[in-house]
Peer 1: 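The structure that follows is given in the form of structure tokens.
For the numbers below, each heavy atom of this structure counts, side chains included, while hydrogens, waters and symmetry mates do not. These numbers come from a predicted model, not from an experiment. Count residues from 1 along the sequence.
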Amino acid sequence: MLRRALPARPEARRILLGTLFSAVGRGLTLPFLFIYLTDVRGLTDTRAGLVIGWFGAVTLALSPLAGTFIDRFGARRVVLPCLVIEAIGTGSLALVDSTASAFGVMTLVAVGSSAIWAGQNTILASLTGDGERQRVFGLNFALLNLGIGTGGLISGAVVDVARPVTFEAIYLLDAVSYLTPALILLTLPHVGRRPVAAAGAKAAERTGGYLTVLRDRPFRRLVIFGLVLTTCGYAQIEVGFAAYSVRVVEVTPRVVAWALAANTVMIVLSQLLVIRRLEGRSRTRALATVGAVFAGAWLVLGAAGVVGSGNALLAALGVVACSAIFGFGETMLSPVMPALTNALATDELRGRYNAMSSMIFGISGVVGPVTAGPLIGAAHGRVWVAVVVGGCLAASVLALSLRPLLTAAQDGRLPAAATPEPARAA
């Protein structure tokens, strides 16, 4: 299954290898930023939260500009400097000693992060055909989680708040990891360049910018689906899931950590099998299934809240099961969402399409955490469970409503080559 999921072009395989190495570095630091800022560098909880929130706000604000630059100058010229900026910013976190320096460094990191995801997706899309793109995006997600999980295990065994040097070391290693995909991209001089603009209609599309993207009715529906699903899904993991598990289900933070580990294991073990099962099947139905799976995961967590302290073991199993089920839903979303985005995109506007797709996670990442706290505080968390379950099911309905707007090739039911180009453009 791994051999089948690998892209045909060696350049794409090397890009995936860079993703894996950089993900290991990301995993070294991902779980510990808040702890590092508060327990090691002495920031208050409020200031540390503002610093992390500032990073998200800057990244979101710069993402549209990143998409424009990718289309105008080519993904290569945008991703390479952003990887270097990200490396400098991440390494500089080891030198943070005040709130002001933390804000400054996180601003630098945000500038680098703003274009990397959209740029790398654009590069992968340009190196893969329609028939293999879905498999490659799924493999990319599995490698990302494998790397993050590996890095998290390494840093978890090393870091110690009583020894600041351990945190400084992992941030420096994370900085080095961002240079790996940059070096790989430098060895591929013809990868990620701006496509040659065609005359006539395609040139007009390119100058239309985001207005042209927003006029794309199927993509507009896909964006709405993504906003609803991620707000009630992904965006709830860091705040809603953890808060509900600790405060309502009354499990320890260690159980939450085991639950997140179960999520990673589920993704790594099942991603290739899911990719194989999705081939030739409707992408919109797969997205609708994701909404149902996410809703099922939250229902399991809600049931664990009902059990609560009455049966600690059963409650803990419910928390872990919720995270694992959620991970299975992610294995369907990760290959289908970017594949459908790039099936709708034109070469001239591919950067903007991918930038808007990445902005979905940025917007929901702001809305989700802000709403989770008050909802969990109402009716002992039952309101929060009802809202996230209802939101995920509403996303399923939106996904099914998207199907009539797509061609069979765009929906993944036929090879893309079977659909004439004029019909796809229309």
Peer 1: Could you pull out the closest heavy-atom pair between Val96 and Ala102, with the gap in Å?
Peer 2: CG1-CB, 3.8 Å
Peer 1: Show me, pair by pair, the donor-acceptor contacts under 3.5 angstrom made by side chains of residues 288-296, not counting sequence neighbours?
Peer 2:
unit_1	atom_1	unit_2	atom_2	d
Thr289	OG1	Arg285	O	2.8

Peer 1: Using residues 103-118 as the side-chain source, report each donor-acceptor pair under 3.5 Å to any protein atom, sequence neighbours left out, with the distance given to one decimal.
Peer 2:
unit_1	atom_1	unit_2	atom_2	d
Thr107	OG1	Trp54	NE1	2.7
Thr107	OG1	Phe103	O	2.7
Ser113	OG	Glu86	OE1	2.8
Ser113	OG	Glu86	OE2	3.0
Ser113	OG	Val109	O	3.0
Ser114	OG	Val111	O	2.8

Peer 1: Taking the side chain as everything from C-beta on, heavy atoms only, tell me whether Phe328 gets closer than 4.5 Å to Thr331.
Peer 2: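 The answer is yes; the side chains approach within 4.5 Å.
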Peer 1: Step by step, would you call Gln236 with Tyr244 a side-chain hydrogen bond (donor to acceptor under 3.5 Å, both in side chains)?
Peer 2: CA-CA 10 Å; Gln236 301 297 332; Tyr244 187 90; over 6 Å; no
Peer 1: Between Leu333 and Leu229, is any pair of side-chain heavy atoms under 4.5 Å apart?
Peer 2: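 Heavy-atom side-chain distance check passes, below 4.5 Å.
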Peer 1: So Arg283 and Gln134, do their side chains get closer than 4.5 Å, heavy atoms only?
Peer 2: yes
Peer 1: Report yes if the side chains of Phe137 and Val336 come closer than 4.5 Å at any heavy-atom pair, otherwise no.
Peer 2: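 Heavy-atom side-chain distance check fails, nothing below 4.5 Å.
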Peer 1: Just wondering, are more than 12 heavy atoms of other shown residues or ligands nearer than 6.0 Å to CZ in Phe141?
Peer 2: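 Check passes, neighbour count above 12.
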Peer 1: Carefully, step by step, assess Asn145 and Thr264 under the rule side-chain hydrogen bond (donor to acceptor under 3.5 Å, both in side chains).
Peer 2: CA-CA 6 Å; Asn145 278 273; Thr264 300; 4.6 Å; no
Peer 1: For the CG atom of Leu139 and the CG atom of Leu20, what is their distance to the nearest 0.5 Å?
Peer 2: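 The CG atom of Leu20 is 9.5 Å from CG of Leu139, to the nearest 0.5 Å.
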Peer 1: Sequence neighbours left out, what passes salt bridge (charged side-chain N to carboxylate O under 4.0 Å, His left out) with Glu11? Give chain and number order.
Peer 2: Arg9
Peer 1: Quick one: list whatever passes side chain to side chain contact (heavy atoms under 4.5 Å, CB included) with Arg221, sequence neighbours left out.
Peer 2: Arg217, Leu398, Ser401, Leu402, Leu405
Peer 1: Distance check, rounded to the nearest 0.5 Å: Thr180 atom OG1 versus Leu17 atom CG?
Peer 2: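 The distance works out to 8.5 Å.
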Peer 1: So, Asn342 side chain and Thr122 main chain: donor-acceptor pair closer than 3.5 Å or not?
Peer 2: no
Peer 1: Once rounded to the nearest 0.5 Å, what's the spacing between atom OG of Ser323 and atom CG of Leu301?
Peer 2: 9.5 Å
Peer 1: Evaluate Thr346 against Arg350 for side-chain contact (heavy atoms from CB on, under 4.5 Å), listing each step before the verdict.
Peer 2: CA-CA 6 Å; Thr346 61; Arg350 197 173 298 279; over 6 Å; no
Peer 1: Side chain to side chain donor-acceptor pair (under 3.5 Å): which pairs involve residues 153-177, sequence neighbours left out?
Peer 2: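 Side chain to side chain donor-acceptor pair (under 3.5 Å) check on residues 153-177 returns Thr29-Asp174, Arg41-Glu168, Asp174-Ser177.
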Peer 1: Tell me whether Arg76 contacts the main-chain N or O of Val191 through its side chain, where contact means a donor paired with an acceptor under 3.5 Å.
Peer 2: yes
Peer 1: Take Val397 and Leu393, measure what side-chain contact (heavy atoms from CB on, under 4.5 Å) needs, and give me the verdict at the end.
Peer 2: CA-CA 7 Å; Val397 174; Leu393 294 178; 6.0 Å; no
Peer 1: Are more than 12 heavy atoms, taken from residues, nucleotides or ligands other than Arg277, located less than 6.0 Å from that residue's CZ atom?
Peer 2: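 Atom CZ in Arg277 is not crowded, with 12 or fewer foreign heavy atoms closer than 6.0 Å.
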Peer 1: Looking only at heavy atoms, what is the nearest atom pair of Gly302 and Val385, with distance?
Peer 2: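 Scanning both residues, the minimum pair turns out to be CA-CG2, 4.1 Å.
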Peer 1: Would you say Ser245 and Glu250 make side-chain contact, with heavy atoms under 4.5 Å?
Peer 2: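 Of all side-chain heavy-atom pairs linking Glu250 with Ser245, none is under 4.5 Å.
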Peer 1: Is a side-chain donor or acceptor of Gln410 paired with a backbone partner of Leu344 at a separation under 3.5 angstrom?
Peer 2: no
Peer 1: Flag the pair Leu172 / Val176 as yes when at least one side-chain heavy-atom distance between them is below 4.5 Å, and no otherwise.
Peer 2: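 Not touching, per the 4.5 Å side-chain cut-off.
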Peer 1: Between CD1 of Ile70 and OH of Tyr353, what distance do you get to the nearest 0.5 Å?
Peer 2: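 With rounding to 0.5 Å, CD1 (Ile70) is 15.0 Å from OH (Tyr353).
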Peer 1: Does any N or O in the side chain of Ser98 come within less than 3.5 Å of the main-chain N or O of Ser101, such that one atom is a donor and the other an acceptor?
Peer 2: yes
Peer 1: Looking at side-chain heavy atoms only, is the closest gap between Leu144 and Arg26 below 4.5 Å?
Peer 2: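 Not in contact.
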Peer 1: Quick one, Ser282 with Thr284, criterion side-chain hydrogen bond (donor to acceptor under 3.5 Å, both in side chains). Give me CA distance, side-chain angles, the key distance, then yes/no.
Peer 2: CA-CA 5 Å; Ser282 169; Thr284 50; 2.9 Å; yes
Peer 1: Do Glu330 and Asn263 have side-chain atoms, one donor and one acceptor, less than 3.5 Å apart?
Peer 2: yes
Peer 1: Could you pull out the closest heavy-atom pair between Leu406 and Arg413, with the gap in Å?
Peer 2: O-NH2, 4.3 Å
Peer 1: I'd like to know if the side chain of Arg135 and the backbone of Arg276 have a donor-acceptor N/O pair within less than 3.5 Å.
Peer 2: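 Such a contact is absent between Arg135 side chain and Arg276 backbone.
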Peer 1: Out of curiosity, Tyr234 OH to Ile360 CD1, how far, rounded to the nearest 0.5 Å?
Peer 2: 12.0 Å
Peer 1: Which residue pairs satisfy the side chain to side chain donor-acceptor pair (under 3.5 Å) criterion with at least one member in residues 55-69, sequence neighbours excluded?
Peer 2: none
Peer 1: Where the side chain of Tyr178 meets the backbone of Cys82, is there a donor-acceptor pair that is under 3.5 Å apart?
Peer 2: no
Peer 1: Under a 3.5 Å distance rule, please check whether Thr187 uses its side chain to pair with a backbone N or O of Ile184 as donor and acceptor.
Peer 2: yes
Peer 1: Does the Asp411 side chain pair with the main chain of Arg403, one donor and one acceptor, at a distance under 3.5 Å?
Peer 2: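 Flag not set: sc Asp411 to bb Arg403 has no pair under 3.5 Å.
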Peer 1: I'd like to know whether Thr231 forms a side-chain hydrogen bond (donor to acceptor under 3.5 Å, both in side chains) with Ser364, so could you lay out the CA-CA distance, the side-chain angles of the two residues, the decisive distance to 0.1 Å, and finally the verdict.
Peer 2: CA-CA 5 Å; Thr231 300; Ser364 63; 4.6 Å; no
Peer 1: Are Met356 and Phe219 close enough, and set up right, to give a side-chain contact (heavy atoms from CB on, under 4.5 Å), and what steps lead you there?
Peer 2: CA-CA 10 Å; Met356 283 201 67; Phe219 184 67; 4.0 Å; yes
Peer 1: More than 12 foreign heavy atoms under 6.0 Å from CZ of Phe21: is that the case here?
Peer 2: no
Peer 1: Checking side-chain contact (heavy atoms from CB on, under 4.5 Å) for the pair Thr99/Leu37: CA distance, chi angles, key distance, verdict?
Peer 2: CA-CA 9 Å; Thr99 302; Leu37 293 175; over 6 Å; no
Peer 1: Check whether Asn311 reaches the backbone of Val307 with its side chain - one donor and one acceptor, N or O, closer than 3.5 Å.
Peer 2: no
Peer 1: Would you confirm whether Tyr210, through its side chain, and Pro64, through its main-chain N or O, come within 3.5 Å as a donor-acceptor pair?
Peer 2: yes
Peer 1: Would you give the length of the straight line joining atom CG of Leu143 to atom CD1 of Ile148, rounded to the nearest 0.5 angstrom?
Peer 2: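 The CG atom of Leu143 sits 11.0 Å away from the CD1 atom of Ile148.
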Peer 1: Could you tell me if the side chain of Val159 sits less than 4.5 Å from the side chain of Leu28, heavy atoms only?
Peer 2: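 The answer is no, as the side chains (C-beta and beyond) never meet within the 4.5 Å cut-off.
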Peer 1: Is atom CZ of Arg77 surrounded by more than 12 heavy atoms (other residues, nucleotides or ligands) closer than 6.0 Å?
Peer 2: no
